[in-house]
**Student:** 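Here it is, the structure, as structure tokens.
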2 protein chains.
Amino acid sequence: MTDTEDQQERKRGTGARFVYDTLRDEILNLVLQPGEPIDEIGLAERLSMSRTPIREALVRLAGDGLVTLLPNRSTVVSQIDFPNLHHFFDALTLMYRVTTRLAAQFHDAGDLQAIRARQAIFAEAVIAGDTAGMIQLNRDFHVAIAEAGRNPYYLQLFSRLLDEGRRILRLYYYPSFEPALPHPYIQEHEAIIAAVAARDVDTCDRLAKEHADKIVRQIQDVMARDLRQNIEI
Amino acid sequence: MTDTEDQQERKRGTGARFVYDTLRDEILNLVLQPGEPIDEIGLAERLSMSRTPIREALVRLAGDGLVTLLPNRSTVVSQIDFPNLHHFFDALTLMYRVTTRLAAQFHDAGDLQAIRARQAIFAEAVIAGDTAGMIQLNRDFHVAIAEAGRNPYYLQLFSRLLDEGRRILRLYYYPSFEPALPHPYIQEHEAIIAAVAARDVDTCDRLAKEHADKIVRQIQDVMARDLRQNIEI
DNA sequence: TGTATTTAGTTTGTCGACAAGATTTTAATA
DNA sequence: TATTAAAATCTTGTCGACAAACTAAATACA
């Protein structure tokens with residue numbers, strides 16, 4: 001799909017949203033690399049609209065921490081703060097835990113249905129060996145759980161952390177095991193669904209912590225390996 | 001200070017920030033009531049600038065959850081979601097705990113100095129019986145602690161929760177005890193400072209939880225009393 | 001009198017333009 | 001040649017204007 005196809009007959013009020021969604025997607029999928037400058041005029045031409053909706057989208061993305069607005073200078077895609085990644089992991093683990101706990105308490109039948117639907121799509125991506133899809137759909141699965149927990153404050157922070165995690169995972173996570181079934185993540189997700197459905201708060205907390213720790217450890221392992229390689233070279 | 005005094009000779013690039021700060025302050029101090037519509041043109045005239053920086057400020061405030069942008073309709077000051085306040089209290093309590101714990105771990109001498117400075121100003125407001133000041137300066141004190149904890153994700157959520165709390169407190173918190181010294185909040189803050197300085201994580205966690213629970217209980221008491229009064233009428 | 005429809009009046013979303021500030025290029029000097 | 005100064009170019013921040021969408025007021029109709 002070329003960008004010029006989108007230019008005509010877009011409804012009023014959707015311009016800024018379209019730019020926001022487009023840029024967000026490109027940032028999270030590393031089409032736009034961390035540190036890369038974003039030129040408003042260039043974007044305006046590419047998406048064939050004026051700078052006003054572009055600007056609004058950039059301001060919103062800055063609120064999400066995805067871009068950094070340098071006053072009177074160019075806007076850049078936010079850098080990933082590698083020296084302080086442990087703070088990211090700490091917050092991510094805590095949000096995994098509290099959202100899953102709250103899901104056990106506050107979910108209803110509709111929530112379970114939504115969660116199971118996300119899990120099914122996630123499993124498809126795993127079977128297909130679609131790494132990028134896995135990363136995004138794993139996010140959607142946990143967001144569905146957080147939504148069942150009903151706490152908008154946790155949901156917002158967790159969404160943001162999972163988004164940031166998408167960038168990190170795409171940099172550091174390569175399929176480090178054979179595409180064998182049953183896949184460990186699928187099994188873990190199933191266990192979490194069962195604990196949520198059983199309203200077993202303590203098991204939810206334990207499973208969420210284990211799940212989070214495993215993901216964190218995997219990223220750290222890859223990062224450590226990557227670091228060693230850099231040193232050897 | 002009248003608004004017209006601010007119109008001339010403001011530096012380029014500070015317009016949107018000025019509007020943001022002004023509106024934020026007015027919203028948190030209930031000068032602009034929840035649900036009140038915000039007219040862009042009126043604001044533009046009042047702050048004597050064009051609608052563009054006004055709009056940017058509103059988009060940022062919407063990102064903070066302080067205003068709600070209704071597409072093609074007026075922007076309104078966000079309502080306080082009273083039916084779901086328990087989720088607010090839950091998140092607030094958790095953030096009190098984790099930020100204070102992290103402060104115990106990661107603070108340095110400069111952080112302690114900043115925290116003590118905020119506590120001193122807070123104590124002044126307590127002695128002066130300045131309720132509005134107390135609410136804001138109590139926020140600043142805990143933000144200083146969160147900053148010492150170094151986790152930007154917790155800091156952002158906590159700041160947002162404390163801001164939202166400012167609105168709730170201004171609606172529901174009236175000085176329910178005589179201005180006697182030593183004031184319990186001052187004492188509790190001192191105990192928290194001591195535990196942070198001693199790097200005693202467990203005590204920090206306990207004190208933060210007690211502190212949070214006390215504030216939550218106090219608000220809930222006032223709300224319950226308020227509710228009874230409404231029923232009696 | 002109450003409801004539906006048209007009309008008039010606001011308010012927002014987007015646009016093109018311009019000037020302040022920053023960046024790059026060119027010229028000047030040691 | 002290297003360093004500094006000036007000029008030219010580019011990018012952002014702000015502005016005023018206009019049209020789409022919404023709101024209300026006025027009118028028509030049952």
Side-chain angles (χ1 to χ4, degrees), chain A residues 3-24 26-27 32-33 35-64 66-79, chain B residues 3-24 26-27 32-33 35-64 66-79:
Chain A
D3 294 318
T4 45
E5 287 171 18
D6 310 310
Q7 85 190 71
Q8 265 123 29
E9 299 297 327
R10 217 191 339 273
K11 256 180 227 156
R12 174 190 160 85
T14 60
R17 163 136 222 124
F18 176 74
V19 179
Y20 175 82
D21 289 339
T22 303
L23 278 181
R24 196 183 121 89
E26 291 184 358
I27 292 170
L32 296 173
Q33 297 267 330
E36 190 171 335
I38 297 177
D39 172 36
E40 291 181 11
I41 297 173
L43 251 180
E45 284 170 9
R46 184 155 77 88
L47 304 181
S48 48
M49 58 180 70
S50 95
R51 276 177 53 227
T52 306
I54 305 282
R55 203 129 220 293
E56 179 174 331
L58 289 177
V59 170
R60 288 179 56 196
L61 288 166
D64 297 342
L66 291 178
V67 305
T68 306
L69 295 166
L70 306 169
N72 280 322
R73 244 166 302 142
S74 71
T75 301
V76 297
V77 178
S78 293
Q79 296 280 0
Chain B
D3 294 319
T4 44
E5 286 172 19
D6 310 312
Q7 84 190 71
Q8 264 123 29
E9 300 297 326
R10 213 187 347 269
K11 254 180 227 156
R12 174 192 162 84
T14 60
R17 163 139 222 120
F18 177 74
V19 179
Y20 175 83
D21 290 338
T22 303
L23 280 181
R24 196 183 120 90
E26 292 185 358
I27 291 170
L32 296 173
Q33 296 268 330
E36 191 172 334
I38 297 176
D39 173 35
E40 291 180 12
I41 296 173
L43 250 179
E45 283 170 10
R46 184 156 75 90
L47 304 181
S48 48
M49 57 181 70
S50 93
R51 278 176 52 225
T52 307
I54 306 280
R55 203 128 222 293
E56 179 173 330
L58 290 178
V59 170
R60 287 179 57 196
L61 288 166
D64 297 341
L66 291 177
V67 305
T68 306
L69 296 165
L70 305 170
N72 283 321
R73 243 168 303 145
S74 71
T75 301
V76 298
V77 179
S78 293
Q79 296 280 0

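Every chain is numbered from 1 and lettered A, B, ... according to where its sequence line falls, protein lines coming before strand lines.
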**Student:** Give the rounded distance in Å between these two atoms: CG of A:Leu70 and C1' of C:dT23.
**Tutor:**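 To the nearest whole Å, that distance equals 14 Å.
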**Student:** Measure the distance from CG on A:Asp39 to C1' on D:dT9 and round it to the nearest whole Å.
**Tutor:**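 From A:Asp39 CG to D:dT9 C1': 14 Å.
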**Student:** Would you tabulate the nitrogen or oxygen pairs shorter than 3.5 Å linking the protein to nucleotides 17-25 of chain D?
**Tutor:**
{"from": "D:dA20", "atom 1": "N3", "to": "A:Arg12", "atom 2": "NH2", "distance (Å)": "3.4"}

**Student:** Please list, chain by chain and in numerical order, all residues satisfying side-chain hydrogen bond (donor to acceptor under 3.5 Å, both in side chains) with B:Glu40, sequence neighbours excluded.
**Tutor:**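 Expected list: B:Arg51, B:Arg55.
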**Student:** Measure from CD1 on A:Ile54 to P on C:dG16 and round the result to the nearest Å.
**Tutor:** 12 Å
**Student:** Does a side-chain N or O of A:Ser50 approach OP1 or OP2 of C:dC15 to a distance below 4.0 Å, or not?
**Tutor:**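 Yes, within the criterion.
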**Student:** Here's a test of your reading of the structure: between B:Ile38 and B:Thr52, which maps to the more 5' nucleotide of DNA chain C?
**Tutor:**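 On the 5' side of the pair lies B:Ile38.
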**Student:** Side chain of A:Glu40 only, please: which of C:dC15, D:dG16, D:dT12 is the nearest?
**Tutor:** D:dT12
**Student:** Run the salt bridge (charged side-chain N to carboxylate O under 4.0 Å, His left out) test against A:Asp39 and tell me which residues pass, sequence neighbours left out.
**Tutor:**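 By the salt bridge (charged side-chain N to carboxylate O under 4.0 Å, His left out) rule, A:Asp39 matches no residue at all.
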**Student:** How close or far is atom P of C:dA22 from atom CG of A:Leu69, stated in whole angstroms?
**Tutor:**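 These atoms are roughly 15 Å apart.
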**Student:** Holding to side-chain hydrogen bond (donor to acceptor under 3.5 Å, both in side chains), I want the full list of residues that pass it with A:Thr75, two or more places apart in sequence or in another chain.
**Tutor:** none
**Student:** By side chain to side chain contact (heavy atoms under 4.5 Å, CB included), which residues pair with A:Glu45, not counting sequence neighbours?
**Tutor:** A:Ile41
**Student:** Any non-hydrogen side-chain atom of A:Leu43 less than 4.5 Å from a side-chain atom of A:Arg46?
**Tutor:**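 Yes - at least one pair of side-chain heavy atoms lies under 4.5 Å apart.
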**Student:** Rounded to whole Å, please give me the gap between CD in B:Glu45 and C1' in C:dT10.
**Tutor:**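 Atom-to-atom, B:Glu45 to C:dT10, this comes out as 13 Å.
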**Student:** Picking from C:dT12, C:dT14, D:dC15, which would you name as closest to the side chain of B:Ile41?
**Tutor:**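 The answer is C:dT12.
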**Student:** Could you tell me which residues satisfy side-chain hydrogen bond (donor to acceptor under 3.5 Å, both in side chains) with A:Arg60, sequence neighbours excluded, listed by chain and number?
**Tutor:** none
**Student:** Tell me: CD of B:Glu56 to P of C:dT14, nearest whole Å?
**Tutor:**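 The distance from CD of B:Glu56 to P of C:dT14 comes to 15 Å, rounded to the nearest Å.
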